[in-house]
Amino acid sequence: MASSDDTEGSLTPVDFIQLQHYMEESNLRVKDVIKEFHPGGRFSQHSFGECVDAEGFCLFLKTYLEVDDFPADFCQRLFRYFQNVEQNGSLKSPQPKEGGVFLRDVSCYFSVLEKEQPREKLKFTFKLYDKDGNGLLDSSEVDRIITQMMRAADYLGWDVTELRPVLKDMMTAIDVDDSGTVTLEEWLKGGMNNAPLLVLLGLKMTEKDGQHIWTMKHFNKPTYCSVCESMLLGLGKQGLSCNCCKYIVHSQCANKNPEPCARTFVKSKQEIGIPAHDWIRADCGASKCDVCNKKIKTLAGKRCVWCQELRHDECVLRGLSNCDCGPLKAHILPPWAIYAVSKEEDTSLLNVTLDGHILQIVPVPRTHPLLVFVNPKSGGKQGERVLRKFQYLLNPRQVYNLSDGGPAPGLHFFRNLCDYRILVCGGDGTVGWLLDALDKENLQVNPSVAVLPLGTGNDLARCLRWGGGYDGSDLKEIMKEIEGSELVPMDRWSIQVIPNDPHEAGDPVPNEIINNYFSIGVDASIAHRFHSMREKHPQRFNSRMKNKLKYFEFATSETLSSSCKRLKDCLTIECCGKPLDLTRVSLEGIAVLNIPSMHGGSNLWGESKKSDGVAGLEQSEVITDPEALKIVSQDISDKRLEVVGLEGVIEMGQIYTGLKSAGHRLAQTSQITIRTSKAFPMQIDGEPWMQPPCTIHITHKNQASMLMAPPTKPSSFFHLK
């Protein structure tokens, strides 16, 4: 990757970008990994004083970045870089003893990169380029930057045919005083306002109203720049496309005063409620004008960001001036419903935008805007793509990246609306995160929640008919499904775990609320082994196939060891104070179900027989009679839990593959108390832990307003398994 002219102990922009790509795939934090090098940690033998040796540094990278096969040459360059790392503008002298690197430098570097602040990252890149450490970029260093950035562009897939003069002009523009050198202040000021530079470095741009949010793209059909009107050429990524309005430009044209992005709110109260179009120059692809019904030539028309209407340039003023927000009007929060207020009117910091505005929402009659939360790390890169798509389809002000502060900012922004819906895009854990946040927010209304399942598992999404995983379908169709969805209250349960001996060490209980299920024994044992090994060796669990193989390995091991056999001798269950008989069959696991799906689609309760009119079952707080249980159906709204027994791993596999219809029905109840006399593996909604002897109380907490998809869904939308 590095060329022959790279000096010892230096990093190239390509290295910098590749390092960020590795970090985007990792779920760990540097502070947690650094602890392993302290006395008593797993890697303490590789540290001496404040330093870590070369082997330990390689272990740090593999653990922190969750990559088992991290390139050895890249690791060596990073190690040499930290040996020569600059501090206070000059090289450290002497170097760390015994050829190591300082842990504090490693921790500081990666901690700043984790925060993803463009200004701080620009400071780092300035130091990468400023080889002599004098605080200035001279002409030779600028030439070197251009060469290195050409490599970076090539690595990112840009078409670099005519990029060098563009980069030279870009660097010249940053030198504001025309002194021939670039200071750190000029670099930061120019860089923060230079779209191609920020995109090239892989940094986030500051999101100001009217500012495009660029992504480098490859276009499969002839596409034209909206600034110079020339075709985008090349085999790689030929140009920049705005996530929010799809305005397209050459990378060299992004700084040539392009048309602003669509507004996302109005600046004064006088504009509130005035539904005006927001026109953006667009390649209309020979589509017909919605005013004169004639074809629109290339770049001779405009598109309204909100209603998607197309018009000739000359027809923009001839058509209706009112915008109805088009087919998605029920979901869109239009800019004329959001207005800026003064600090005196609203003192809450949660409503302050990145460019300093304080925003409030005015309800729009006959609409229920969609508040979208996306977990960008769910489903690999799926989450990031879904985030960009929703930023285009809706107002970016109603689409929230859960990596940036969680659900609280979005919920607070919508707090005064009485009629809105929420779409959470992620796995079951993400849904639980949102429902917990709704509890804490104490809103005036309880908004209904739909789910776009990302990744695997997604038991709750399956039960609500949203499927087991999003496969890239048209999000407009999914929003139509939300329009036709049915409101269903979903029970949520409080779980209290009281250890018999408060001083006996055990894992922390992962959650105080059950949304999906709780289990003890065989299935929790497999999940706990998997979880523990992944925590210890994350680099071994960096692909879905590896994870499945490891899970199968642990399941096979559990089959042979039967670590939870004779469960009944160490555990008692009371349902509403009534002891449960566990002697009818030899069990190795107990599952307490709130929804009819577990482990990615397994229905442990199974299908129920038709009722012959047994009276009073619906009103009973607890049902334990085997014959009565045969006709009892599951209902996520009935304030009841189902208790199922599992004989072992083989039975679990039979249920999952359909060879067996269900586990052993033990009870349906509204309250459960479990007492254990030895340590058991347990799990709540897929989060396992090892619990010493204890007493567990499970009681009804509340109901969440969930949206269930219509019963008939085209099979191409989702993968169910």
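Every heavy atom of this structure was used, including side-chain atoms; hydrogens, water molecules and symmetry mates were not.
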Legend entry - salt bridge (charged side-chain N to carboxylate O under 4.0 Å, His left out) assessment of R421 paired with E483: CA-CA 10 Å; R421 295 167 174 170; E483 274 294 291; 3.0 Å; yes
Inset, instruction - Apply salt bridge (charged side-chain N to carboxylate O under 4.0 Å, His left out) to E512 and list each qualifying residue two or more places apart in sequence or on a separate chain. - result: none
Inset, instruction - Quickly, which of L387, V374, V372 forms a side chain to side chain contact (heavy atoms under 4.5 Å, CB included) with N401? Name it, please. - result: L387
Inset, instruction - Mind checking ring-ring contact (aromatic ring centres under 6.0 Å, His included) for H700 and listing every partner two or more places apart, or none if nothing turns up? - result: W493
Inset, instruction - For the pair D491 and K701, find out whether any cationic side-chain nitrogen is under 4.0 Å from an anionic carboxylate oxygen. - result: no
Legend entry - Distance in Å, S44 OG paired with F37 CZ, rounded so as to fall on 0.5 Å steps: 9.5 Å
Legend entry - Flag side-chain contact, heavy atom, 4.5 Å: N603 against S597: no
Inset, instruction - Kindly say whether G468 contributes a backbone atom to a donor-acceptor pair with the side chain of N458 at under 3.5 angstrom? - result: yes
Legend entry - Worked verdict on C570 versus F680 for side-chain contact (heavy atoms from CB on, under 4.5 Å): CA-CA 9 Å; C570 310; F680 274 111; 3.8 Å; yes
Legend entry - salt bridge (charged side-chain N to carboxylate O under 4.0 Å, His left out) partners of R665, counting only residues at least two apart: none
Inset, instruction - Evaluate the side-chain contact (heavy atoms from CB on, under 4.5 Å) criterion for residues Y470 and L475: first the C-alpha distance (whole Å), next the side-chain angles of each, then the deciding distance (0.1 Å), finally the verdict. - result: CA-CA 10 Å; Y470 172 64; L475 294 178; 3.5 Å; yes
Legend entry - By salt bridge (charged side-chain N to carboxylate O under 4.0 Å, His left out) - contacts of D501 (at least two apart): none
Inset, instruction - Please check if the side chain of D428 supplies one atom and the backbone of D459 the other of a donor-acceptor pair under 3.5 Å. - result: yes
Legend entry - T669 (side chain) donor-acceptor with Q671 (main chain) under 3.5 angstrom: yes
Inset, instruction - List the steps and the verdict of side-chain contact (heavy atoms from CB on, under 4.5 Å) for I495 and I696. - result: CA-CA 7 Å; I495 179 167; I696 300 167; 3.8 Å; yes
Inset, instruction - Kindly check if the number of other-residue, nucleotide or ligand heavy atoms within 6.0 Å of NZ (K480) is above 12? - result: no
Legend entry - Heavy-atom side-chain contact between L707 and E486 under 4.5 Å: no
Inset, instruction - Would you please name every residue forming a ring-ring contact (aromatic ring centres under 6.0 Å, His included) with F390, sequence neighbours left out? - result: none
Legend entry - Side-chain donor or acceptor of Y517 paired with backbone N/O of G686 under 3.5 Å: yes
Inset, instruction - To the nearest 0.5 Å, tell me how far R492 CZ sits from L435 CG. - result: 4.5 Å
Inset, instruction - Check whether any side-chain heavy atom of N375 lies under 4.5 Å from a side-chain heavy atom of L454, and answer yes or no. - result: no
Legend entry - Residues that F518 engages under ring-ring contact (aromatic ring centres under 6.0 Å, His included), provided they are two or more places apart: none
Legend entry - Side chain S448, main chain L487, donor-acceptor under 3.5 Å: no
Inset, instruction - Please assess K578 against T624 for the test side-chain contact (heavy atoms from CB on, under 4.5 Å), listing each intermediate value before the final yes or no. - result: CA-CA 9 Å; K578 182 178 180 180; T624 58; 3.1 Å; yes
Legend entry - Straight-line distance of R675 CZ to S677 OG, nearest 0.5 Å: 12.0 Å
Inset, instruction - Please answer whether the main-chain N or O of L59 pairs with a side-chain N or O of T63 as donor and acceptor at a distance below 3.5 Å. - result: yes
